[in-house]
Amino acid sequence: MSNVPAATDGAATAPADPAAEPERYDPLAIEPPIAERWARERTYSLPEELRRNAPAEADAPYYALTMFPYPSGDLHMGHAEIFTIHDALVRHLRMTGHRVLNPIGWDAFGLPAENAARNRGADPKAWTYANIEEQRSTIQRLGYSFDWDTVLYTCDPAYYAWTQWLFLELFGAGLAYRREALVNWDPVDQTVLANEQVVDGRGERSGAIVERVPRTQWFFRITDYADELLDGLDAIDWPDRVKNAQRAWIGRSEGAEITFPTADGQDEVLVYTTRPDTIFGATYFVFAPEHPIVTRRMAGDADYDAFLAEVSRRSDVERQAGKTGYRLPFEVTNPFTGEDIPAFAADYVLMEYGTGAIMAVPIADQRDFDFARQHDLEIRPIIRPTAEDGQLLDELDPATMTEAYLGDGVMVNSGDYDGLAWPEAKARIIADVETKGWGTAKVNYRLRDWLVSRQRSWGPPIPIIHCASCGEVPVPLEDLPVELPDDLDFQVQGSPLDQHPTWKYDVACPSCGDEDATRDVDTLDTFVDSSWYFLRFLSPTDTEQAWPVEAAGGWLPVEQYTGGVEHAVLHLLYSRFVVKAMRDRGHVAADEPFQALLNQGQVIMDGASMSKSKGNLVVPGEVYETYGADALRATMLFASAPEDDIDWADVSPTGIHKWLSRIWRLTLEQIARETDGGPAIDADAAATLDRAVAGAIVGASEDYEARKYNTAIAKLMTLTNAVLDATRQGQGGPSVRSALDHLLTLLAPVAPFLTEELWSRLGNEGSVHDQPWPQADTALLVDDEVELIVQVNGKLRGRITVSAGADQAAAEAAARADDAVARHLDGDVVKVVHVPDKLLNFVVKG
RNA sequence: GCCGAGGUGGCCCAACUGGCAGAGGCGGUGCCCUUAAAAGGCAUGCAGGUGUGGGUUCGAAUCCCACCCUCGGCACCA
């Protein structure tokens, strides 16, 4: 980088008149010109050849990524926090010798733009880009050192052409398919949703209670990767809570599928159970209400139709409140007992999980227990509880039980299996089931396929053409992107794209040429856009390929990903799936997209989340327009460790501003002394200060490595105080200058503007951000003498000074010579504990 | 209900593999500067033993057990 002149004209205008007011720290004056220069000169861009090719080891390549923002408006405090953490990380990495790939873009498709169009008549594209422009300007004003050469927008046809390509790749691999299923319908947003987007029975965005409706929709076959998605978690460095959330979401369970014949011999029903050992306790049988055997057998039954209608109207919340059941007019035979047991249709059994039918064991399953109590069904004890040591406990008495028994025990009333502990019984029964041909061992997952189609219009059109004779035909690659029309009417009820007068008809079947073929009118979920954007950053303008495969091999996985925990099972799971699927198609070498993940905490206010309606909203603008970007950044980082929440009511930008002002003043005073030749601090003070510098380098470096920016800043404050102490009488000299140079270098990732300005005012070469990370002179930190604390029976009784590395004998002698200690050594000394250079503890008896 | 994180001075927040509890900040108080206020400067721990009860240990904020509270996440998945 070229030699940087003083970032403002401040240096040139610094007053030589000693009587004049000293120049005050004015971040609002010094920051904007530097920010503009970084933007103009693309200071933090990586050379294109480096990014488009596999990087060399010697470059110490590092892909640091922060979740790209959704442009719903200007940046909020959460954005400022995560970008600040990420930027401190990136700037520190650069100073420690890494070539950092640090891109930014916008997750620019999505419903808010469409809602703005519907409610205010805005053009979704114009609305989106206006918000992006506002965010970009704030991001640059705050000094975040992104690479502006690789900006991407997911709503740009140059981007979504490749989102559509990705869809077709998956379609070609059989990983994208269309089928009818019971799906989540959001009546407010007027679209279907993925399971991951439904929280507590409500749409994640709209908050509306979702309805379960049968619809033909597009899915990605993420369940093909369920096992790998689960096992892969062990190899990545993510917070446990995110891994656990994904494990729970994938929900692997081991059990068996067993066939139960109907008593009339007409049908065979497959059930899935994780507790085949409890089969002797199966006293009734339950089908999902929509189970095909039931709907076939009950066809034309008005009473049952009424039940079905009732059940499908119930929300999840209602379903959990009580279990609705319908006694079916046939029975099912338990293959192990030969008994015929009553059959029900009930909404607590889900068609979408397992086989849609269960054997009900009320003694050992809480839901079956509840249902049995409600419908007065037999609860048969087939397990006798045992204590931890295997000791038999009292037998269960169904008459008095209030809940199912889930603990350890041995089988009873279970034929040949009596007396076995249940894990053994489970293994034996599965083996016997297989031998007899009644079923097989089976692994099941809670994870469902990813529903990706949306009935919305501000998203990438699904690149499929429907033809009466050829079926679902992919749009030929040369015809990508399938572009959105720019004259959509957002006032219509339902999907604007579907109701566009010409768009879907203006196409012929690519296969047979049939003019009656139509385009698929659904768009892809925004989570599809964001499931691969980290790959596109390598070559965002490439028209030949989605990403350079070679380069992707070198840069992926992203070494450090930072972002919010709200994506634990959405974006973060989808991206993992996409990378694995693309890997299997030969497009990327990595197994995982993100090697390490850092989830920042929330920015809250007085213990509550901020919102306009609560009137406790703080926005970045009001902070940086008062105290500057550096103060905003330092406040965020100092407030807490990155993963902890920040309560804005507890933090003080004024305190940080005061500290930065102090650094400003100390540096300007030093510059004045160097100009005027003022006195130097004495040798003792210089030695003390040099030690403080070495200590700060060691401490701050460790903290930066561990990303504990709050304690790193605390150590820099300590160093500032040391400079203050040393210069109290107005002296300066080389040690003070060195301390300030080091302070600025160590502070650069946190406060990039102040440090850049002062670095150049001190007359240093280049940018402070291009300096190598300082190395401490650790010899300064080695003491000849150390203070040893002396305890008697663990209580502090004295302090003695001994030479460093003194052995126990020497330390003990010195300690006994100390009056304060000797006073407590009346009894018998039974033991002496010596921790070299730290502590001596006498254990005294009596 | 299950899983996870966490309870340390008035407040936020530190304390490496157990080893002097307090780094750093906020707030408070006093003084200086000022016509005054704000801003700034200087000084000062202001008093508490780490949520509760046990245990291990020479020694526990740190490890173990039980419990209480707070905050997140997941909850009919057979």
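Each chain gets a letter, A, B and so on, in the order its sequence line appears, and its residues count up from 1. Remember, it's a predicted structure, so these values are computed and weren't measured experimentally.
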Fill in: Pair S640(A)-N710(A), side-chain donor/acceptor within less than 3.5 Å
no
Item to complete: Please state how far atom NZ in K708(A) lies from atom C1' in G24(B), giving the value in whole angstrom units.
Response: 13 Å
Worksheet item: If only side-chain N and O atoms of R446(A) are considered, is one of them under 4.0 Å from the OP1 or OP2 phosphate oxygen of A75(B)?
Response: yes
Practice prompt. Could you measure between the two C1' atoms, the one in U56(B) and the one in C20(B), and give it in whole Å?
Written response: 23 Å
Fill in: Opposite nucleotide pairing with A43(B), Watson-Crick or G-U, both atom distances under 3.5 Å
U29(B)
Discussion item. Could you tell me how far C12(B) sits from G30(B) if I compare only their C1' atoms? Round to whole Å.
Written reply: 24 Å
Discussion item. Please give the distance between the C1' atoms of U29(B) and A47(B) as a whole number of Å.
Written reply: 14 Å
Discussion item. Consider side-chain contact (heavy atoms from CB on, under 4.5 Å). Of T278(A), V286(A), D365(A), which one does M359(A) pass it with?
Written reply: T278(A)
Item to complete: State whether R728(A) and D725(A) are salt-bridged, where the test is any N-O pair (Lys NZ or Arg NE/NH1/NH2 against Asp/Glu carboxylate O) under 4.0 Å.
Response: yes
Item to complete: Name the nucleic acid region contacted by G251(A), choosing base, sugar-phosphate or nothing; use a 4.0 angstrom heavy-atom cut-off, strictly under.
Response: nothing
Discussion item. Measuring only the C1' atom in each nucleotide, how far is U70(B) from U34(B)? A whole number of Å is fine.
Written reply: 47 Å
Worksheet item: Excluding sequence neighbours, so at least two apart, what forms salt bridge (charged side-chain N to carboxylate O under 4.0 Å, His left out) with R446(A)?
Response: none
Discussion item. Counting the atoms with a prime plus P, OP1 and OP2 as sugar-phosphate, which does W249(A) contact under 4.0 Å by heavy atoms, base, sugar-phosphate, or nothing?
Written reply: sugar-phosphate
Practice prompt. Give the B/S/- string for nucleotides 36-47 of chain B, one per nucleotide from 5' to 3', where a protein heavy atom under 4.0 Å of the base yields B, of only the sugar-phosphate yields S, and otherwise -.
Written response: ---SSSSS----
Discussion item. Tell me the interatomic distance from D645(A), atom CG, to G73(B), atom P, rounded to whole angstroms.
Written reply: 11 Å
Worksheet item: Applying a 3.5 Å limit to both distances, which nucleotide forms a Watson-Crick or G-U wobble pair with A61(B)?
Response: none
Practice prompt. Please determine, for the side chain of Y272(A), which listed nucleotide (G19(B), G72(B), A78(B)) has the closest atom?
Written response: A78(B)
Fill in: For A66(B), the Watson-Crick or wobble partner whose two distances fall under 3.5 Å
U52(B)
Fill in: Strand partner of U17(B), provided both Watson-Crick or wobble distances fall under 3.5 Å
none
Discussion item. Expressed as a whole number of angstroms, how long is the span from D703(A):CG to A14(B):P?
Written reply: 11 Å
Discussion item. For G9(B), give the paired nucleotide (Watson-Crick: N1-N3 plus N6-O4 or O6-N4; G-U: N1-O2 and O6-N3; both under 3.5 Å), or none.
Written reply: none
Item to complete: Tell me yes or no: between the side chains of Y709(A) and T84(A), is some donor less than 3.5 Å from an acceptor?
Response: no
What's touching nucleotides 55-62 of chain B from the protein side, N or O pairs under 3.5 Å?
unit_1	atom_1	unit_2	atom_2	d
C58(B)	O2'	N841(A)	ND2	3.4
C58(B)	O2	N841(A)	ND2	2.4

Fill in: Partner residues of D368(A) under the salt bridge (charged side-chain N to carboxylate O under 4.0 Å, His left out) criterion, sequence neighbours left out
none
Item to complete: Quick one: label S640(A) by what it contacts on the DNA or RNA (base, sugar-phosphate, nothing), any heavy atom closer than 4.0 Å.
Response: nothing
Fill in: Rounded distance in Å between the C1' positions of A60(B) and A38(B)
48 Å
Discussion item. Please give the distance between the P atoms of A61(B) and G51(B) as a whole number of Å.
Written reply: 10 Å
Worksheet item: Of the nucleotides C11(B), A78(B), G72(B), which has the atom closest to the D650(A) side chain?
Response: C11(B)
Worksheet item: Between P362(A) and I379(A), which heavy-atom pair has the shortest distance, and what is it?
Response: CB-CG1, 3.8 Å
Discussion item. Checking F638(A) against W659(A) for the ring-ring contact (aromatic ring centres under 6.0 Å, His included) test, could you report, in this order, the C-alpha distance in whole Å, the side-chain angles of both residues, the deciding distance, and whether it holds?
Written reply: CA-CA 12 Å; F638(A) 184 55; W659(A) 172 51; 7.6 Å; no
Worksheet entry | ring-ring contact (aromatic ring centres under 6.0 Å, His included) assessment of F285(A) paired with F344(A) | CA-CA 6 Å; F285(A) 195 92; F344(A) 290 80; over 10 Å; no
Practice prompt. Using whole Å, report how far CG of D647(A) lies from C1' of C12(B).
Written response: 9 Å
Discussion item. Going by salt bridge (charged side-chain N to carboxylate O under 4.0 Å, His left out), name the residues that satisfy it together with K243(A), two or more places apart in sequence or in a different chain.
Written reply: none
Worksheet, complete the sentence: Partner of A36(B) under the Watson-Crick or G-U wobble criteria, both distances under 3.5 Å, comes out as none
Worksheet item: Across all strands, who's sitting opposite C2(B) as a Watson-Crick or G-U wobble pair, both distances under 3.5 Å?
Response: G73(B)
Worksheet item: Does any non-hydrogen side-chain atom of V361(A) lie less than 4.5 Å from one of Y284(A)?
Response: no
Practice prompt. Would you mind calling G27(B) syn or anti? Take O4'-C1'-N9-C4 for purines or O4'-C1'-N1-C2 for pyrimidines, and syn is within 90° of 0.
Written response: anti
Worksheet item: Going by distance alone, is a donor N or O of one side chain under 3.5 Å from an acceptor N or O of the other, for N444(A) and S253(A)?
Response: no
Item to complete: Identify, residue by residue, the members of residues 710-721 of chain A with a heavy atom below 4.0 Å from RNA chain B, and return them in order of residue number, or none.
Response: N710(A), T711(A), A714(A), M717(A), T718(A), N721(A)
Fill in: R24(A) bridged to D26(A) by N-O distance under 4.0 Å
no
Worksheet item: Hey, which of these two, G356(A) or V569(A), hits RNA chain B nearer its 5' end, going by closest nucleotide?
Response: V569(A)
Item to complete: Write down the distance separating the P atoms in G22(B) and G72(B), rounded off to the nearest Å.
Response: 34 Å
Worksheet item: Given atom CZ of R252(A) and atom P of A78(B), what is their separation to the nearest angstrom?
Response: 12 Å
Item to complete: Looking only at side-chain atoms of R241(A), point me to the closest of A78(B), G72(B), C16(B).
Response: G72(B)
Worksheet item: Roughly, in whole Å, what's the span from CH2 in W648(A) to C1' in G25(B)?
Response: 14 Å
Worksheet entry | Closest-nucleotide 5' rank along RNA chain B - winner of A245(A) and D365(A) | A245(A)
Worksheet item: Is E254(A) paired with R252(A) through a side-chain N to carboxylate O contact shorter than 4.0 Å?
Response: yes
Worksheet item: On a whole-Å scale, what distance lies between the C1' atoms belonging to A14(B) and C26(B)?
Response: 15 Å
Item to complete: Quickly work out the L350(A) CG to A75(B) P distance and round it to whole Å.
Response: 12 Å
Practice prompt. Please work out whether the ring planes of F371(A) and Y348(A) are parallel, tilted or perpendicular, with thresholds of 30° and 60°.
Written response: tilted
Practice prompt. Round to a whole Å and report the spacing from NZ of K243(A) to P of A5(B).
Written response: 13 Å
